[in-house]
Amino acid sequence: MSVLQTYSDYFVVSQKNGLSQFQTMTAYLGGSAFQTVLDNPVTAYRQLVQQYAKDAAGKAVDPKISSAEAMAVFKANPVAASLSGLVPRIIGVGFKRVPKFGILLGLSFFMGEDGTISATAAFGASVLSAPFINPIRMIEKQQRAYFKTTGAEKPIMEILRESAKQNFAPLFRGTVPLMGHSCASALLGLAGQPKLQRYIKEELSHHGIGNFTSGLLASAAVTPIYVAVTNPLSRLEVIMQTSKIDGKAIGVIDACKEMVADSKAFGLRGVFRGQGLGIAKGILSLTAFHQGRIWLTDAFRNHNIKNGSYTPDVGSA
């Protein structure tokens, strides 16, 4: 009976914010989907910049050259390149968030953290959710890995057929750096970012700046820190996940050696290929996510007001 009651409560409109839990979750997932569609061109371009770090002979090339090659691919196939990997990313909106946040909140609950997220829970969720998330990221990167030679994205079914010949083991390439990436995301996003955001909001509120603008500025301030931490890890993922599925897999150590060689040849420019793009993507993603979430939240609340399930307080927005 308690389970049925909890399930029923999930759809009950709260008189505090005018939304049910189901509508709130839907707004967040909708914002994520909106963000995914808008930032996909930047995501695709950034992968190509990092992927083209080597020439046909396997020698590291100047970051300017890899950027030029990525731009040439986009100019030759602007629509296809911009949409490449979008389908698995959209599917991943559910596949990525459900296991990661489910495990995160589950660990936090069993550890008695009472709503706070510790480094232990964030690390545990990053490690345990990686096997669920990694196949989606692998397929996404494989789809756009051969644009330079074919001019088209690789079909998902072809990727799955090639992986099936090896019992789908290739879909888990890059899981180790993903764990680090996911852990950094959880720690900075769930612990560091809210603290900085509260501080900036308090400082800017004295100048008459609203919550949305101050929140956006706070998140934009965090983005460079987040990208600086995760960019090398993203680079390792690209190296490991864009090699041929039916070819020799590139392990973590070999991927690290490739990055070291790149840094010796081009310094920090080699290590942080795509850093500027990562910052631009972070700000764009944040803006798109929050705007999409707000649109859906307002739509749900207005619907609840019209059907009489929510009555706002006098004077509320």
Side-chain angles (χ1 to χ4, degrees), residues 2-39 89-111 113-118 121-122 125-126 129 132-133 136 182 185-198 201 210-220 222 226 282-317:
S2 60
V3 175
L4 293 176
Q5 183 63 42
T6 300
Y7 175 79
S8 177
D9 289 344
Y10 191 65
F11 297 93
V12 174
V13 175
S14 169
Q15 294 305 307
K16 293 182 178 180
N17 63 3
L19 299 171
S20 67
Q21 296 180 54
F22 172 76
Q23 289 172 329
T24 300
M25 177 60 74
T26 302
Y28 271 84
L29 292 177
S32 296
F34 183 59
Q35 160 209 322
T36 299
V37 172
L38 287 189
D39 73 13
R89 289 192 73 208
I90 288 291
I91 295 174
V93 167
F95 276 91
K96 290 179 183 179
R97 284 156 179 77
V98 171
K100 180 175 181 178
F101 289 105
I103 294 172
L104 180 69
L105 295 176
L107 288 174
S108 179
F109 172 78
F110 283 113
M111 293 172 65
E113 294 177 346
D114 192 26
T116 60
I117 303 299
S118 68
S126 302
S129 65
F132 298 94
I133 301 173
I136 298 293
S182 184
S185 176
L187 290 174
L188 291 173
L190 296 175
Q193 183 177 14
K195 294 179 181 178
L196 179 59
Q197 185 170 352
R198 283 194 296 270
K201 278 186 175 183
N211 286 335
F212 177 77
T213 302
S214 59
L216 178 60
L217 291 174
S219 297
V222 171
Y226 167 75
I283 296 174
L284 173 62
S285 298
L286 177 69
T287 304
F289 168 73
H290 281 297
Q291 195 59 55
R293 177 182 62 81
I294 289 171
W295 284 342
L296 287 173
T297 296
D298 290 343
F300 282 136
R301 185 177 291 113
N302 290 334
H303 171 74
N304 293 336
I305 292 174
K306 289 181 180 179
N307 65 22
S309 57
Y310 172 60
T311 302
D313 293 335
V314 178
S316 63

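Any value given below was found using the heavy atoms of this structure, including those in side chains, with hydrogens, waters and symmetry copies removed. Just so we're clear, the structure is a prediction, and the values are computed from it rather than from any experiment.
- With values rounded to the nearest 0.5 angstrom, Ile91 atom CD1 is found 11.5 Å from Thr36 atom OG1.
- The CG atom of Asp298 sits 9.0 Å away from atom CG of Leu19, with the distance rounded to the nearest 0.5 Å.
- With Ser309 contributing its side chain and Asn304 its backbone, the two residues share a donor-acceptor pair below 3.5 Å.
- Separation of atoms OG1 (Thr311) and CD (Gln15) is listed at 6.0 Å; rounding is to 0.5 Å.
- Looking at every heavy atom in both residues, Ala288 comes nearest to Gln35 through CB-CA, 3.7 Å.
- In this structure, CG on Asp39 lies 10.5 Å from CZ on Phe34, to the nearest 0.5 angstrom.
- Atom NE2 of His303 and atom CG of Leu296 lie 13.0 Å apart (nearest 0.5 Å).
- A distance of 15.5 Å separates CZ in Phe300 from OH in Tyr310, rounded to the nearest 0.5 Å.
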